[in-house]
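Note that this is a predicted model, so its numbers are computed, not measured.
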Amino acid sequence: MNLYKSWNDMVVDYVQTKGEKAFWEEYSKVEGSIYAKILENPSEKFTYTIDALAKEIGTTNEFVMGFTDGINDSLVETLDLENISSEDEITLDINLERLYYNMLDAKADYLYNIPAWDEILTEERRLELAKELKDSRTVRNENKVGRNDPCPCGSGKKYKKCHGK
């Protein structure tokens, strides 16, 4: 069984046996400690093997694989998660702005509030990224039909007499 599948199966099993809250408490500790290490030297690419990093921070390979899965969307070049083994050397080339944006999107305040962000992104840029995220979630209907306009269904009737009822 590959490590990525083991990670997904472990999450399901963990949540069923210990509960979702317990899972997120455990996972957030693991994730927070790894991100703290990465953000200490943000200009350097972070290199690790899943096995070695799990031993270093005192967790399982599955949780480190979960971290790898989580950061994958923030990389310059994404990883093929299905084919990663615990002994493969992984080098992360992280797009830090995308990482911060994704942390905001995940509502992971324990991550986007890590003090190291103060040295990496200016307060203004962090606010801009938060605004971009908020704007991306706002739905705008620019083609609003007025009540006296022709109905967009093509009936020839006014909107108020057709689909506007």
Side-chain angles (χ1 to χ4, degrees), residues 1-140:
M1 179 186 321
N2 73 34
L3 194 54
Y4 184 68
K5 182 164 178 19
S6 294
W7 152 245
N8 286 305
D9 291 346
M10 185 274 300
V11 171
V12 171
D13 184 54
Y14 199 107
V15 169
Q16 288 176 344
T17 57
K18 298 180 183 176
E20 191 171 343
K21 184 178 182 201
F23 168 77
W24 284 110
E25 285 174 2
E26 178 75 20
Y27 181 71
S28 63
K29 281 189 258 178
V30 169
E31 192 177 40
S33 65
I34 297 172
Y35 277 116
K37 285 178 66 67
I38 290 172
L39 296 177
E40 285 175 3
N41 299 307
S43 59
E44 296 177 17
K45 292 182 181 179
F46 187 72
T47 301
Y48 64 101
T49 66
I50 289 182
D51 198 41
L53 187 56
K55 285 179 181 144
E56 182 181 334
I57 62 172
T59 191
T60 66
N61 288 353
E62 288 83 7
F63 273 111
V64 176
M65 184 66 203
F67 157 78
T68 306
D69 182 16
I71 199 169
N72 202 30
D73 289 337
S74 302
L75 301 178
V76 173
E77 191 173 316
T78 58
L79 304 168
D80 180 9
L81 298 174
E82 295 280 341
N83 294 311
I84 293 176
S85 76
S86 61
E87 296 85 27
D88 291 341
E89 186 171 273
I90 301 167
T91 300
L92 304 179
D93 187 8
I94 305 168
N95 178 326
L96 293 169
E97 287 191 359
R98 190 178 320 146
L99 176 63
Y100 188 81
Y101 181 93
N102 289 339
M103 287 175 172
L104 289 171
D105 190 29
K107 297 180 177 84
D109 59 333
Y110 62 96
L111 296 177
Y112 63 78
N113 286 327
I114 293 174
W117 282 114
D118 295 338
E119 303 298 319
I120 299 167
L121 297 173
T122 64
E123 180 69 24
E124 294 80 26
R125 184 60 187 142
R126 287 182 280 162
L127 290 172
E128 287 171 13
L129 290 170
K131 185 178 181 334
E132 284 176 29
L133 176 64
K134 184 180 176 196
D135 289 347
S136 74
R137 293 180 175 166
T138 304
V139 178
R140 291 185 176 91

Locate the shortest heavy-atom distance separating [X] from [Y]; write the atom from each residue and the value.
X      : Y      : value
Leu121 : Leu96  : CD1-O, 4.5 Å
Leu129 : Tyr101 : O-CD1, 3.8 Å
Ile57  : Ser33  : CD1-OG, 4.0 Å
Ser85  : Ile50  : O-CD1, 4.5 Å
Leu75  : Arg98  : O-NH1, 2.8 Å
Asn83  : Asp88  : O-OD2, 3.5 Å

With side chains defined as the heavy atoms from C-beta onward, is the minimum distance between [X] and [Y] less than 4.5 Å?
X     : Y     : value
Ile90 : Thr47 : no
Leu3  : Trp7  : no
Ile71 : Ile34 : no
Glu89 : Tyr48 : no
Val15 : Glu20 : yes
Met65 : Tyr4  : yes

Q) Between Thr91 and Phe46, is a side-chain contact (heavy atoms from CB on, under 4.5 Å) present by the stated rule, with each step listed? A) CA-CA 6 Å; Thr91 300; Phe46 187 72; over 6 Å; no
Q. Rounded to the nearest 0.5 Å, how far apart are CG of Leu39 and CD1 of Ile94?
A. 7.5 Å
(Q) Working to the nearest 0.5 angstrom, can you tell me the gap between Leu92 CG and Thr68 OG1? (A) 7.0 Å
Q: Using the test salt bridge (Lys or Arg N to Asp or Glu O under 4.0 Å), find all partners of Lys55 that sit at least two apart in sequence or belong to another chain.
A: Asp51
Q | Test salt bridge (Lys or Arg N to Asp or Glu O under 4.0 Å) applied to Glu132 - qualifying residues, sequence neighbours left out | A | Arg125
Donor-acceptor list for residues 110-118 side chains, cut-off 3.5 Å, not counting sequence neighbours:
{"residue": "Tyr110", "atom": "OH", "partner": "Glu31", "partner atom": "OE1", "Å": "2.5"}
{"residue": "Asn113", "atom": "ND2", "partner": "Asp109", "partner atom": "O", "Å": "3.2"}
{"residue": "Trp117", "atom": "NE1", "partner": "Leu111", "partner atom": "O", "Å": "3.1"}
{"residue": "Asp118", "atom": "OD1", "partner": "Arg126", "partner atom": "NH1", "Å": "2.9"}
{"residue": "Asp118", "atom": "OD1", "partner": "Arg126", "partner atom": "NH2", "Å": "3.1"}

Q.
Counting only heavy atoms not in Glu128 (residues, nucleotides, ligands), do more than 12 fall under 6.0 Å from its CD?
A. yes
Q.
Between the side chains of Lys37 and Glu56, is the shortest nitrogen-to-carboxylate-oxygen separation below 4.0 Å, so that they form an ion pair?
A. yes
(Q) I'd like to know if Arg137 and Asp105 make a salt bridge, using a cut-off of under 4.0 Å between side-chain N and carboxylate O. (A) yes
Q: Check whether the side chains of Ser6 and Asp9 place a donor and an acceptor atom closer than 3.5 Å, and report yes or no.
A: no
**Q.** Between Ser74 and Asn102: side-chain donor-acceptor atoms closer than 3.5 Å
**A.** yes
Q: Could you walk me through whether Tyr35 and Met103 pass side-chain contact (heavy atoms from CB on, under 4.5 Å), step by step?
A: CA-CA 11 Å; Tyr35 277 116; Met103 287 175 172; 3.6 Å; yes
Q: Check whether the ring centres of Tyr27 and Trp24 lie less than 6.0 Å apart, and answer yes or no.
A: yes
Q) For the side chain of Asp93 and the backbone of Val76, is there at least one donor-acceptor N/O pair under 3.5 Å apart? A) no
**Q.** Worked verdict on Phe67 versus Ile38 for side-chain contact (heavy atoms from CB on, under 4.5 Å)
**A.** CA-CA 12 Å; Phe67 157 78; Ile38 290 172; 3.5 Å; yes
